[in-house]
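Index from 1, following the sequence. What you are looking at is a predicted structure, and each value in this text was computed from that prediction instead of being measured.
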Amino acid sequence: MSPKEVIAQLRQMMQAKGFDAIVISGTDPHSSEYLPQRWQARRFVSGFTGSYGTVVITASHAGLWTDTRYFIQAVEQLRETGIELHKLRVIDAVDYPEWLADTLGEGAKVCVDGLCMPVSTVRHMQELFVPKQQVVVNVPDFIDAFWPQRPTLPDAPVFELGVEYTGRSRADKLTWLRGVVAEKGCGSILLSSLDEIAWLLNIRSCDVAHTPVVIAYLWVSAQRAVLYTTVAKFDDELSATLLADGVELMPYDVVVEEVEKWPCSTPIFIDGNILNYALYEEVIRHFGPAVIDEVSPVKLEKSIKNEVEIAGFRRAYVKDGVAQTRFFYWLEKAMERGERITEIDASDKLISFRKEMDGYLDESFSPISAYGKNAALPHYSATAAQCSVLEPRGLYLLDSGAHYLDGSTDITRTIPLGPLTDDEAADYTCVLQGMIALSLASFPLGTCGSNLDVLARMPLWKYCRNYGHGTGHGVGHVLCVHEGPQDLRQNLYNQPLLPGMITSCEPGMYCEGHYGIRHENMLLCYSDEVNEYGDWLAFMTLTCTYIDTTPLLEEMLTDEEKVFIDCYNTGVYETLLPYLSDDEATWLKTKTIDCLYEPEEEL
């Protein structure tokens, strides 16, 4: 069915049930960013393929609320659907809960799927609706009636990620969690975030594309730990290993009825920013006011990587550096031979090189392989219907990453395929200057990402340029490529950067209809110095892929920036040299060592 047909059917249901609006959220029962096919209702209803957004339907209006990353994409994908784009993260933006409260009349009823909406969002809507006595009506899985052959739960097998990779045993993590829960005065905790559960139990799967998590809920008390999941996905050996650590397996869909069996003499700990509203209603029905709703302690704990995890990230970025060096060498030679290469051909080739690396599991997200004007869409996705051929001019952007048993990677490189315009070269230089400024930052303990974001933007702001997305995000260890709680963006968020956190640094510049530029390295936060002014932190770059210097306008660079580029590229060459063929090594030398800025003595 087309979006128009689906919307028409939903409106018939609204009229029959007395609903004034329907909200189709962009997540699943676990507040995930990337979704299994079963819960991609937003895509089914609207055709929009971005990873963030909410669809709202009233009797006379249909809208998609999404942010700056997807404005251009949304305009294209919503054409002829009857769905209007509502822009978020811009001046005077009005999000859908506020829009509904203002637009709908007295006593209006708003239908939501409480399975796919976190408690915090429903609460926010309810608070806004009070003045007009508007109400939220929870109808779990209402989309079932309109989605023929809706996908079922994934059935990929589960495997254990050994302590040689994680650095901490499952038993140790459970002991830590029980201690935190007890300190909060609680008798148990309910976890619903998939990456938190996977991290805590040292298990991985591929239930979500490019995200090695397991669809599950986890309830942990002082005496028991119960994982509600698809039990058949666990082989006998893993099931026995989990049970030896006190973790029982039960079917995924019995969690609702199980709630009433949990001891309720002491409070239960939940995270209302993640727990879905439908399950929360059952928890409240059983526990009453004995519920502590705070941010899950697992979120921060897993963001601070231990020494074993950090060592794994280092190995992963060397492997990625080898694969990418081989890819860029292949691409340059293929272009010189005049071969026809599409954006999909290019990303597929990189994936083939990654698959040759030991411990490769999967890509960490769908590659953003974008040539020319397509790169002006920060989250562009090439398809068979929309895929450009690379030409020997302009810029090519490739944002990609992989999961290895060692760790997860995320890297963007923009390279020239031939002659550039003056604007392309200048913007390329500015964006790289932003990445360098942030990479070289020294800052006191307690500094948040929003305090540092400006460093990456200043070189662009100098020329009245900007980009609409955040500058950096955390990355999970063989988990979600986007991980909190830390980030680097303009939005005020009270989470200091801490030693052991690994965060991307990816400023960009997007000229709609012409080109896009992004440079991305991964930074490890570490303790740098202690003096009379306090404890000081700094960043160490983990990424090991060369930076193409040919587009740079040398007159725009400071001596410090030149030294950074030279030292970085030299380090890449020396690290990767043992793993490259003679031809690859000679080629990489021309991209790094032979392109050093004068005078070399400064190095």
Output field: ring centroids His403/Tyr360 closer than 6.0 Å: no

Could you list all the ring pair (Phe, Tyr, Trp, His ring centres under 6.0 Å) pairs where at least one residue sits in residues 362-382, not counting sequence neighbours? Tyr70-His379

Heavy-atom neighbours of Glu391 CD exceed 12 at 6.0 Å: yes

Side chains of Gln73 and Thr49: do they bring a donor and an acceptor to under 3.5 Å? yes

Report the C-alpha separation of Lys233 and Asp207 in whole Å, then their side-chain angles, then the decisive distance to 0.1 Å, and conclude whether the salt bridge (Lys or Arg N to Asp or Glu O under 4.0 Å) test is met. CA-CA 10 Å; Lys233 292 155 53 73; Asp207 283 354; 2.5 Å; yes

So Gln486 and Thr503, side chain to side chain donor-acceptor pair (under 3.5 Å) or not? Walk me through it. CA-CA 8 Å; Gln486 83 278 17; Thr503 311; 3.3 Å; yes

Is the count of non-hydrogen atoms from other residues, nucleotides or ligands lying under 6.0 Å from Glu80 atom CD greater than 12? no

Pairs under 3.5 angstrom only: tabulate donor-acceptor contacts from the side chains of residues 84-98 to other protein residues two or more places apart or in another chain.
| from | atom 1 | to | atom 2 | distance (Å) |
| --- | --- | --- | --- | --- |
| His86 | NE2 | His61 | NE2 | 2.9 |
| Arg89 | NH1 | Asp67 | OD2 | 3.0 |
| Glu98 | OE2 | His124 | NE2 | 2.8 |

Does the pair Asp427/Arg465 count as a salt bridge with the N-to-O cut at 4.0 Å? yes

Show every donor-acceptor pair shorter than 3.5 Å between a side-chain atom in residues 448-459 and any protein atom, with sequence neighbours excluded, or say none if there are none.
| from | atom 1 | to | atom 2 | distance (Å) |
| --- | --- | --- | --- | --- |
| Asn451 | OD1 | Cys448 | N | 2.8 |
| Asp453 | OD1 | Thr471 | OG1 | 2.5 |
| Asp453 | OD2 | Arg457 | NE | 2.5 |
| Arg457 | NH1 | Asn466 | OD1 | 2.9 |
| Arg457 | NH1 | Tyr467 | O | 2.8 |
| Arg457 | NH2 | His469 | O | 2.9 |

Does atom CD of Gln126 have more than 12 heavy-atom neighbours from other groups under 6.0 Å away? yes

Check this for me: does any side-chain nitrogen of one of Arg150 and Asp141 sit under 4.0 Å from a carboxylate oxygen of the other? yes

Could you walk me through whether Ile411 and Asp320 pass the side-chain contact (heavy atoms from CB on, under 4.5 Å) check? CA-CA 9 Å; Ile411 176 173; Asp320 231 36; 3.9 Å; yes

How about Asn491: does its CG atom have over 12 heavy atoms from other parts shown lying under 6.0 Å from it? yes

In terms of heavy-atom contacts, does NZ of Lys355 have more than 12 from other residues, nucleotides or ligands at under 6.0 Å? no

For the residue pair Tyr428 and His519, does the interplanar ring angle fall in the parallel (under 30°), tilted (30 to 60°) or perpendicular (over 60°) class? perpendicular

Electrostatic pair Lys299-Asp195, nearest N-O below 4.0 angstrom: no

Under a 4.0 Å N-O cut-off, is there an ion pair linking Glu483 with Lys302? yes

From SG (Cys116) to CD1 (Ile24), nearest 0.5 Å: 11.0 Å

